[in-house]
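To find a chain, count down the sequence lines: A is the first, B the second, and so on, and within it residues start at 1. Just the heavy atoms: all of them, side chains too, but no hydrogens, waters or symmetry mates, feed the values below.
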2 protein chains.
Amino acid sequence: MTAGDEGVGVETCQNPDHEAARDLIHSATAADALVTIVGRCTVDYAGRAASTLGPGERLVVLKPDGTALVHTDEGYQPVSWHSPGGTHDADVIDDRLRVESHRESAGERLLVEFETLLDVSAYGLTDDRNPSVDGTEADLRDRVLNDPESIESGFTPLATERQTPAGAVDIFGEDAVGRAVVVELKRRRAGPEAVGQLGRYVEATRRDLHANRTVRGILVAPSVTDRARRLLAERGLEFVALTPVGTESG
Amino acid sequence: MTAGDEGVGVETCQNPDHEAARDLIHSATAADALVTIVGRCTVDYAGRAASTLGPGERLVVLKPDGTALVHTDEGYQPVSWHSPGGTHDADVIDDRLRVESHRESAGERLLVEFETLLDVSAYGLTDDRNPSVDGTEADLRDRVLNDPESIESGFTPLATERQTPAGAVDIFGEDAVGRAVVVELKRRRAGPEAVGQLGRYVEATRRDLHANRTVRGILVAPSVTDRARRLLAERGLEFVALTPVGTESG
DNA sequence: TTGTGGATGTCGCCG
DNA sequence: CGGCGACGTCCACAA
């Protein structure tokens, strides 16, 4: 595999010796390939925090963009990792493969040291990256904009992402009587932070507008927790139940 | 590899035909092994939302706990996934491997359909899961408890995780003059939500205590954003700069 | 099961 | 580059 070759390529080594693994990682990294390493290893991370992992068998993924992931046989989350943007390196010290990812700008470093190697593989992957997702907050926003009556009769959206000193209001509009309305959207059941957000935006909007202008705040979400409902009541805010299109039952 | 065998085991197939891949996935899943599949595939997810991915070359990881991860050659995040708790299945339809993860209780389903297979491997992994992390919010809390003067002279912690109707207060205590103090901790630079949280806890604590008791609110974090600082001032709350032990420079 | 908030969150957008 | 909030967030812990 030559550098710049983005086509399909695979190189696999089972139970490789550590120097063969190092060489494979070197050439794969140079060719912008994705590398997987399976073996017994220890892990050390230092950066935004510090973490260590004792010996265990794990799957390590090195991506050409600098991402490093250390996965065990459980969980969605990697047990340790390095974010994109850094560089990978591999060497052998005391007959042991050491894989290191670092990003100087963030002062981060991830070190994986292998006792045992079960498998090392390199893959040249290409992906068009054309994801599509439905049921997001943007879908909920579009639903409200396409049918403002779903909020309440006479509601008129005037702006989305309206800037205030406290942040951007999801939907800003007017009710049937001409009062200002601040709408905060949540794609799923809303908790206390959502109320906090809405409250901040309402306060900021009151300051922005004429002092005597009424500003209503409406939280729009599929549902709210009890605590959130209480907080809404305390602050004179309102709630409208609405789900993003496509997530509703039926 | 027999069911219940948790020891080290590896089975690898390069450029397998789709039925061989299916068989390997079946036996690996039955043996609680971790499976990696590399190939060109499409992905469909339906559950909390809905997402689709067009054809692309990706790394798919199936874990024995029901986790499924679809990784491209970029990014920390899987481009699609299935959370732990479900089950994996594999079959061949129209000469194409289809891998499906589903969790009925959550109404979630992830379907990966392969056009091309570069590699299928299974690994029996064992991990002690003895992670250690430093520099967390818990470390910041311990730092304050071990040296209350780091907040201010005369500060006395009385409780951690003190319950209020608005949630749990990180540290509750008294200042040198006997006023109640509510402390909210953040391990990194704090933004508006942190102020909102602190404000809620202070309000709830004021209601809990005698009406005439003064309650101070202190945000403890390495730093705050401008907006957060303004919000603190508006609500009469305070800020003390402090980092979790071990993250500080020097 | 649900609620709540932390996380080495990551990621995208916008100033 | 930093601030800010969404995310199919995940996750641990408590009620």
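Taking 4.0 Å as the cut-off between side-chain N and carboxylate O, B:Glu203 and A:Arg235 do not count as a salt-bridged pair. The pair A:Asp91-A:Arg98 counts as a salt bridge, with a side-chain nitrogen and a carboxylate oxygen less than 4.0 angstrom apart. Ionic pairing of B:Asp73 and A:Arg129 is present here: one or more N-O contacts between side-chain nitrogen and carboxylate oxygen are shorter than 4.0 angstrom.
Under 4.0 angstrom from either OP1 or OP2 of C:dT4 there lies at least one side-chain N or O belonging to A:Thr225. Remark: A:Ser83 is in phosphate contact with C:dT10, judged by side-chain N or O atoms under 4.0 Å from OP1 or OP2. For B:Arg187 and C:dG9, the shortest distance from a side-chain N or O to OP1 or OP2 is below 4.0 Å. Taking only side-chain nitrogens and oxygens, A:Tyr201 comes nearer than 4.0 Å to OP1 or OP2 of D:dG5. The side chain of B:Arg200 contributes an N or O atom lying less than 4.0 Å from OP1 or OP2 of C:dG5. A close approach under 4.0 Å does not occur between any side-chain nitrogen or oxygen of B:Trp81 and OP1 or OP2 of D:dT9.
No contact: A:Gln163 has no heavy atom under 4.0 Å from any strand. Within the 4.0 angstrom heavy-atom criterion, no nucleotide atom of any strand lies near A:Ala194.
Atom CZ in B:Arg141 sits roughly 15 Å away from atom C1' in C:dA7 (whole-Å rounding). Between A:Glu193 atom CD and D:dC4 atom C1' there is a gap of 14 Å when expressed in whole angstrom units. Atom CD of A:Gln197 and atom C1' of D:dC7 are 13 Å apart (whole Å). Nucleotide D:dC7 holds its C1' atom 15 Å from the CG atom of A:Asp134, rounded to whole Å. Summarising the geometry, the separation between CZ on A:Arg48 and C1' on D:dG2 is reported as 15 Å, rounded to the nearest angstrom. Separating the NZ atom of A:Lys186 from the C1' atom of D:dG5 is a distance of 7 Å, rounded to the nearest angstrom. Straight-line distance from the CZ atom of B:Arg188 to the P atom of D:dG5: 13 Å, rounded to whole Å. Here C:dT8 presents its P atom at 9 Å from OH of A:Tyr45, a figure rounded to the nearest Å.
Checking D:dG2, D:dG8, C:dT8 against every side-chain atom of B:Arg189, the shortest atom distance belongs to D:dG2. Residue B:Val133 places its side chain closer to C:dT8 than to any other of C:dT8, D:dG8, D:dC11.
In terms of polar N and O atoms assigned as donor or acceptor, the side chain of B:Glu108 comes within less than 3.5 Å of the base of D:dG8 in a complementary pairing.
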Task: Derivation of the side chain to side chain donor-acceptor pair (under 3.5 Å) call for B:Thr205 and B:Asp208 - done: CA-CA 5 Å; B:Thr205 303; B:Asp208 261 18; over 6 Å; no
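For the C1' atoms, the distance linking C:dG5 with C:dG9 amounts to 13 Å, nearest Å. Taking atom C1' on both nucleotides, C:dC14 is separated from D:dG8 by 24 Å, rounded to a whole Å.
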